Amino acid sequence: LSDTQNRQMSSTEASNNSGVNGTEAASSRSLLRRIVDFLDEADWSFKKDKDRPIVKFISPDSLMSEYAEMLGLPDKPVPEDVLLDNLKTVYDLSVTSNHPRFYNQLFGRVHEESVVGSLLTDAINASIYTYEVAPVFTVMERLAMQQFLELFGFQNGEGVCTPGGSIGNMYAISLAKSAVFPDARRLGLAAMPPAKIYVSMESHYSMVKGASFMGFGENAVVKVATDEHGRMKVDALREHIKSDIENGQKPLMVVATAGTTVLGVYDPISEVANVCQEFNVWLHVDGCLGGSAILSESRRHLLDGCQRADSLTWNPHKMLGVNLQCSLLLTRHSGALQRAHGTQAAYLFQQDKFYPPQFDIGDKVIQCGRKVDVLKLWAVWRGLGKSGLGDLVDRKFTLAKQLANLIAQRQKTDGSFELIAEPESTNVLFWYIPPALRGQPADWSKRDDSWWRQMDAVAPLLKKRMTLDGSMLIGYQKCAASKNINCWRMVCSQDTNSEQDMERIVGEFCRFGEDISV
Ligand SMILES: *Cc1c(COP(=O)(O)O)cnc(C)c1O
Ligand SMILES: *[C@@H]1O[C@H](CO)[C@@H](O)[C@H](O)[C@H]1NC(C)=O
């Protein structure tokens with residue numbers, strides 16, 4: 001007996017033994033059908049009940065001991081009914097970004113179109129390297145990239161889906177390397193003068209990881225100072241580049257971040273582009289978070305200048321409600337990906353195929369087998385249209401303004417909150433101040449060290465209460481804008497929220513923090 005037959009038999013036995021009415025009918029349905037029915041009944045998209053807890057927190061120790069059997073990999077197949085139950089348990093124990101009170105990361109609810117696209121992707125199990133095994137997907141990705149290039153204002157170029165924005169940023173480093181030091185492909189980094197990568201203090205950590213991963217070393221990354229809003233200081237960038245060149249270093253690339261991970265602000269891309277032009281340096285725009293503003297008529301100006309970039313990364317899996325993972329890398333240099341990565345594996349990318357070989361897109365990337373990420377994006381885009389997506393981006397930006405206003409009001413009336421920065425996109429940074437710590441002078445330099453220390457301890461304590469209560473999830477961190485004192489980063493990532501939901505958040509902080517003592 002094959003494993004599947006075995007499992008089916010055990011599953012029949014299980015249903016016969018259980019004698020529960022309807023089980024037989026249920027088990028004549030496929031596992032796939034049954035899990036889809038379950039998700040529907042479980043209200044996976046929170047259409048009916050948005051007040052059920054977002055998390056039922058269990059410590060890692062208890063999770064491992066209470067579910068030891070289920071989490072293990074058995075020798076013998078388990079009956080299908082048991083497997084189905086196991087899957088339901090996994091669902092019940094998970095935190096879903098679909099929850100309307102999930103504000104913990106830079107993404108929120110996934111659109112149904114995306115889940116369906118994902119399902120079909122997995123059912124087909126195509127690898128998007130050659131046209132012969134992925135005819136629709138290779139063409140779909142090419143066409144989507146063409147449209148995205150236009151959207152961001154590139155005249156020429158190409159693009160690919162990458163497994164996440166961090167990897168996309170590493171691709172950008174690779175492209176810059178290939179453009180600046182074509183010989184390094186054969187000879188390695190030893191053949192190059194010491195290279196420098198310029199990012200802002202607020203840039204994403206993947207640039208540092210990328211520099212190290214690709215052999216340039218973390219010290220190759222120059223963190224340029226930011227202004228009081230968290231934007232790269234362009235004069236400081238110019239000074240760094242000038243003095244590095246004088247010292248025999250080679251500027252490899254400059255990264256302008258469009259929507260920084262914590263503050264959500266946009267570097268002045270046009271001004272950064274001017275410096276890149278002046279010194280002939282590769283410009284990469286990290287639009288992983290904020291690139292989605294391109295879809296909004298009223299916000300796309302934040303990305304002015306991005307058409308001058310040599311490369312750009314963007315994560316539809318953040319603001320656009322496409323599920324993980326869906327990221328893309330664009331470059332305005334046609335053929336750059338092949339030049340940087342192509343190796344023409346003879347068994348896969350035969351040049352004498354009977355169809356045009358440029359439809360085999362797999363040699364542009366560093367993966368061999370590559371999962372299709374474009375179908376879910378395509379499904380969402382068709383389902384909502386560009387205008388619908390733009391509206392959702394707008395709505396998230398608007399929620400952030402509304403929350404910031406509510407917090408600023410509280411700051412004035414009872415001092416229970418303090419707004420750290422006016423939001424430029426979806427992220428709102430603030431402190432909740434428990435009653436015992438209120439009434440400080442507005443001037444930060446007039447607050448004493450012990451007050452700052454106490455404030456630093458508030459967020460972790462409150463996060464514990466919030467998580468155990470399960471009423472919402474919001475992240476906190478130390479950052480330059482908060483004097484490296486823990487503060488909240490509320491990501492207005494849920495487009496089904498309204499201003500009332502923002503009011504509720506303010507209320508929840510008071511509920512959790514009222515009697516907090518640090
Ligand atoms: C999230 C983010 C990334 C990384 O994207 P992943 O898909 O999580 O790897 C890179 N840059 C910025 C600015 C981001 O916010
Ligand atoms: C699914 O496709 C991937 C990529 O081509 C392949 O590695 C994998 O073996 C496939 N799975 C099955 C069960 O065929």
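As the structure is a computational prediction, the values presented were derived from the model and not from experiment. Counting starts at 1 for both ligands and their atoms, following the listed order.
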Ligand 1 contact on Gln325 by region, counting heavy-atom pairs under 4.0 Å: neither
Under 4.0 Å between a Lys/Arg side-chain N and an Asp/Glu carboxylate O for Glu113 and Lys376? no
For Gly164, the ligand 1 atoms with a heavy-atom partner under 4.0 Å come out as 7 (O), 9 (O)
Please confirm whether Leu106 comes within less than 3.5 Å of ligand 1 when only nitrogen or oxygen atoms on both sides are compared. no
Do NZ/NE/NH1/NH2 and the carboxylate oxygens of Arg231 and Glu271 come within less than 4.0 Å? no
Any idea which part of Asn169 is under 4.0 Å from ligand 1, heavy-atom wise: side chain, backbone, both or neither? side chain
Amino acids in close contact with ligand 2, where any non-hydrogen atom sits under 4.0 angstrom away: Asn125, Ser127, Tyr129
Considering the heavy atoms of Leu289, write down every atom of ligand 1 situated less than 4.0 Å from one of them. 15 (O)
Is the ring centre of Phe430 less than 6.0 Å from the ring centre of Phe509? yes
Of all the atoms in ligand 1, which lie at a distance below 4.0 Å from a heavy atom belonging to Cys288? 2 (C), 3 (C), 10 (C), 11 (N), 12 (C), 14 (C)
Please list, in number order, the atoms of ligand 1 under 4.0 Å from a heavy atom of Lys318. 1 (C), 2 (C), 3 (C), 4 (C), 5 (O), 14 (C), 15 (O)
Residues Arg142 and Glu158 bridged, charged N to O under 4.0 Å: no
Between Ser166 and ligand 1, is there a nitrogen or oxygen pair with a distance under 3.5 Å? yes
Any idea which protein heavy atom is nearest atom 11 (N) of ligand 1, and the distance to it? Asp286 OD2, 2.7 Å
Which atoms of ligand 1 have any heavy atom of His317 under 4.0 Å away? 7 (O)
For Asp37, what residues pass the salt bridge (charged side-chain N to carboxylate O under 4.0 Å, His left out) criterion, not counting sequence neighbours? Arg29
Taking only residues two or more places apart in sequence or in another chain, which ones pass ring-ring contact (aromatic ring centres under 6.0 Å, His included) with Phe152? Trp314
Less than 4.5 Å apart, side chain to side chain, heavy atoms only: is that true for His341 and Leu175? yes
Under 3.5 Å donor-acceptor pairs involving side-chain atoms of residues 382-392, not counting sequence neighbours:
none

Any idea which protein heavy atom is nearest atom 6 (P) of ligand 1, and the distance to it? Gly165 N, 3.3 Å
Output yes when Lys223 and Glu202 qualify as a salt bridge under the 4.0 Å nitrogen-oxygen rule, no when they do not. no
If you take the nearest heavy atom of each of Asn427, Thr261, Asn315, which one is closest to atom 5 (O) of ligand 1? Asn315
Ser200 side chain to Met232 backbone, donor-acceptor under 3.5 Å: no
Between Trp282 and His333, is the ring centre distance below 6.0 Å? yes
In ligand 1, which numbered atoms sit nearer than 4.0 Å to a non-hydrogen atom of Gly259? 13 (C)
Determine, for Lys371 against Asp122, whether the closest basic-nitrogen to carboxylate-oxygen distance falls under 4.0 angstrom. yes
